[in-house]
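Report on one structure; see the data block that follows.
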2 protein chains.
Amino acid sequence: MAVTLHDVARRAGVSIKTVSNVINDRPNVGKTTRALVQAAVEELGYTPNLTARGLRSGRKGAIALAVPDLALSYFAELAAAVIEAAEAAGVVVLIEQTGASREREVALLKSPRLNMTDGLIFSPLGMGQDDVDALRVDYPLVVLGERVFDAPADHVTMHNVAGARAATEHLVSTGRRRIAVVGAHAGEVVGSAGLRLAGYREGLEAAGVAFDPELIGYSELWHRADGANVMRELLARGVEFDAVFGLNDTLALGAMRVLQEAGLRVPEDVAVIGFDDLDEAPYAIPSLSTVDPGRGWIARTAVSLLLQRIESGGGASTARRHVADFQVVARESTISPVS
Amino acid sequence: MAVTLHDVARRAGVSIKTVSNVINDRPNVGKTTRALVQAAVEELGYTPNLTARGLRSGRKGAIALAVPDLALSYFAELAAAVIEAAEAAGVVVLIEQTGASREREVALLKSPRLNMTDGLIFSPLGMGQDDVDALRVDYPLVVLGERVFDAPADHVTMHNVAGARAATEHLVSTGRRRIAVVGAHAGEVVGSAGLRLAGYREGLEAAGVAFDPELIGYSELWHRADGANVMRELLARGVEFDAVFGLNDTLALGAMRVLQEAGLRVPEDVAVIGFDDLDEAPYAIPSLSTVDPGRGWIARTAVSLLLQRIESGGGASTARRHVADFQVVARESTISPVS
DNA sequence: ACCACAGCTTACAACGTTGTACACGGCCGC
DNA sequence: GCGGCCGTGTACAACGTTGTAAGCTGTGGT
C-alpha cells in the first residue's frame, strides 16, 4: 500500500540508501542523482515511515506531556503552548492525563507507553518529596512545578513565592490591609499552594501588616467552585477583609462571583487578584488582576530543554533549573477605572 | 540498555517467539513455560518496545486528535474526554492544533506525522464543503462537527439545529419574546453558527414570534471577548431585548458580564442561555443555562468508532453518522431562583 | 605508470518485534 | 502397533528505515 524507499529506489534506478540520503539531506549525493531521486519521490508521493525510522534511529519525533487534567484551564493553556513550541521544532506531542493522582503519576513514569516518545515533560500534582526516586528515569525528562525539589532531572518552574509576594504588595500599594487568601492547603510547604502562601506572608511582613489566620480560606482543589465555596464560607464567618488573593485565577474568579452576588463591589469594596493570567482573566467583569507566571516561556523552555537532552543522547549530566520571570498584571479588579 | 525479548528468552531458556507469545497471551504456551517466562520478565523488568511492535504489526496503539486550539475551553474539555476514552481502551492520544486555518487543516490530513498513529479524530473549523475530497484518506478517520457534509468518513456530531431550537423554546417558555443572538456568522449555512442560527429561527417560528434581524449580533470568532463586544454593540444600538442566546458558552459568558456591567439584572431583566455546557457554566454568577450537546458521548463515540475502523483493518465500508443526544440545562441565568 | 584519495554509490546488517512454517513428542483411534 | 493429529515450541523472515564498511570510478600527485 504505502510507498517505501524501495519503490522510490526502483523508480529512480538507485539504491535505497541513496534515496535515504536524499531524504535526509546527507551531503554525499551527486546533484543529478539528487534531482532524479527527488523527482521519483514527488511522483510516487513518498512519505517516510516514522515508525521504522524510530525503530532504527531511536529518534521518534514525538514527546509526551503529562498533566493532571486538560479540563483545568491552566493546563489546557500550558498544553497549547507546549504543542505550539514543539510543532515549531517539528515534534509532535502526546498527552497523558494523570488526574493529579500520586499513584498514576508514579506509574506513568515507568509506563511502556512512554517509549513511543523521545522524552517527557511532566507536571506532577500528587507526588511529593518522597517520590523523588521515581524521577530517576533513563529517558530525557523535564519536570514542571515545585512538588519535588532536588529532582534528578531538568526543572522549569515559576516564581511562586516572589510572584505571590508581589501580588500581595500590589494589594497593599492600593491601600488594602485585610487580605483574605483563597485556596490554601493546610500544612503544605512545597507545592504551589504552600509557596504562594509563603509569598503572601512575606508580602505582609514587608509591609508591616500582621498575619491573621482568620483570613486564610482552605480548599483542596482549585476549581472555580472551590473558590466560590471558600468565599461563601469567609463571608458567613463574618471576617472583615478589603481584598482577596486567589491562589490561582479560577479560585479568584469563583470568589469574585460570590462577592458580587453578596452585593459587594469589586474593586471598590473588595479588591481581587489571582495567579496564572488565564486567557479569560482580561474578559471577566471586572477584568481580573493577576500574576502572569510566564506560562508561554515555561512551555518554550521546557520543550527546548527536553529537545537538548534528546539531542545530546540523554547523557545524565547535571540537572538544570530554570525559573520564569513573572509580572503582576493590574486590571480592574484591583484598580478602579478613572471615573 | 533496554531489556529486549532476547534477554528474557536467554534468561528463561526459551526462544524469543515463546516469550512474545507469553507477552501477548497467545494460547499455545504450556503452563510451566508461561510461569517461567513471566518470572524472567518480572526479574528483568522487561517492557515491550512499542515502536518495533508498531513497525512489525502495523498497530501503533496511538491515535491523533486534531482540534483548532486547546486554549479554547470547548476543545480542551473535548480533548480531555477523548484522552480519557482512549486511555480506557489502552490507546494514547497525540494532539495537533490546526489554528482553525483551512490550509493547515488540509495539510494535516496528508502529514507524514500521522503515520505514527493508527487513525485520526478530526475537528475541522476552517475547511468547507469544497474540501470534501481532502477527507478521502487511506487511514481510519472520524470527523467531528458539521463543516463538511457527505464526507467519505465516519462522522460524529451534535444536534445543532434541534439544540438551538430547544434553547430558543426554553427562553420563550419563560415568557421571553425579544431574543438577541450573539455570535452569528454572516451568510453561513453549514458550520455550527449557521446551524444554530437556523435552529433559533425554527424555535421562533414554532412559537409564532417574528424574526427580527436587528436582534442578530455577528462575530467571526467565539471567544469571551467577542461575546462582550457584540453585546456592547447591541446595547449601544439601543435594540430592545429580554433574552440573549449566545451561540456558545464563552460568547454567552462574555455577553452576560457586559449586561451586568450595564446594570441589567440576569435573569430578571435579561435571560441568557449558551451552548456547550462548559465546566465553568454552573459556576458563573448567575449560573449559566445552556445546551449540553453530549460532549462526553461524542468523545467516547468518536474513539469507539475509530477503534472499530482500526480493528477491522480500515476497510472503507460505508461512512457512518452518529448524532449525540442534547439536553437543555436550565440554570439561574434563565430562571430566577425561588425567593 | 602507479598509488592515494576523494566523491559518490552500494550491499549488508541491524533496530525489536510478530507471522509463517515447521519440528518434535505424545496420545488417540483404528 | 502404526498413522495421524494435537499441543507445544522453534527457526527464519520480514516490517522500513539508517549506520557501517566497502566498492567503484576518475583525478591528481609523485
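What you see below is based on every heavy atom in this structure, not just the backbone, and it leaves out hydrogens, waters and symmetry mates. The sequence lines fix the lettering, A, B, ..., with proteins before strands; numbering per chain opens at 1. In this text the structure is predicted, and so the values were computed from the model without any measurement.
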On the nucleotide [N], are OP1 or OP2 found under 4.0 Å from the side-chain N or O atoms that [X] carries?
| X | N | value |
| --- | --- | --- |
| B:Arg26 | C:dG19 | yes |
| B:Thr18 | D:dT10 | yes |
| A:Ser20 | D:dT18 | yes |
| B:Ser15 | D:dT10 | yes |
| B:Asn24 | C:dT18 | yes |

Does some side-chain heavy atom of B:Tyr46 sit less than 4.5 Å from a side-chain heavy atom of B:Asp7?
->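 No, side chains not in contact.
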Mind checking whether A:Leu120 and A:Leu109 have side chains closer than 4.5 Å, heavy atoms only?
->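 When only atoms from C-beta onward are counted, A:Leu109 and A:Leu120 do touch, with a gap below 4.5 Å.
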Whole angstrom is fine here: how far is it from [atom1] in [X] over to [atom2] in [N]?
| X | N | atom1 | atom2 | value |
| --- | --- | --- | --- | --- |
| B:Asn28 | D:dC5 | CG | P | 19 Å |
| B:Ile16 | D:dA13 | CD1 | C1' | 11 Å |
| B:Asp7 | C:dT17 | CG | P | 9 Å |
| B:Leu5 | D:dA11 | CG | P | 14 Å |
| B:Asn49 | C:dA14 | CG | P | 17 Å |

Considering only heavy atoms and no angle criterion, is a donor-acceptor pair shorter than 3.5 Å present between the side chain of A:Arg56 and the base of D:dT18?
-> yes
Is any N or O donor-acceptor pair between the side chain of B:Lys17 and the base of D:dG9 shorter than 3.5 Å?
->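 Side chain to base: no pair below 3.5 Å.
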Indicate, with a heavy-atom threshold strictly under 4.0 Å, whether B:Pro27 touches base, sugar-phosphate, or nothing.
-> nothing
Which pair of heavy atoms, one from B:Met127 and one from B:Glu105, lies closest together, and at what distance?
-> N-OE1, 2.8 Å
Gap between atom CG of B:Leu144 and atom CD1 of B:Ile298 - 0.5 Å precision = 7.0 Å
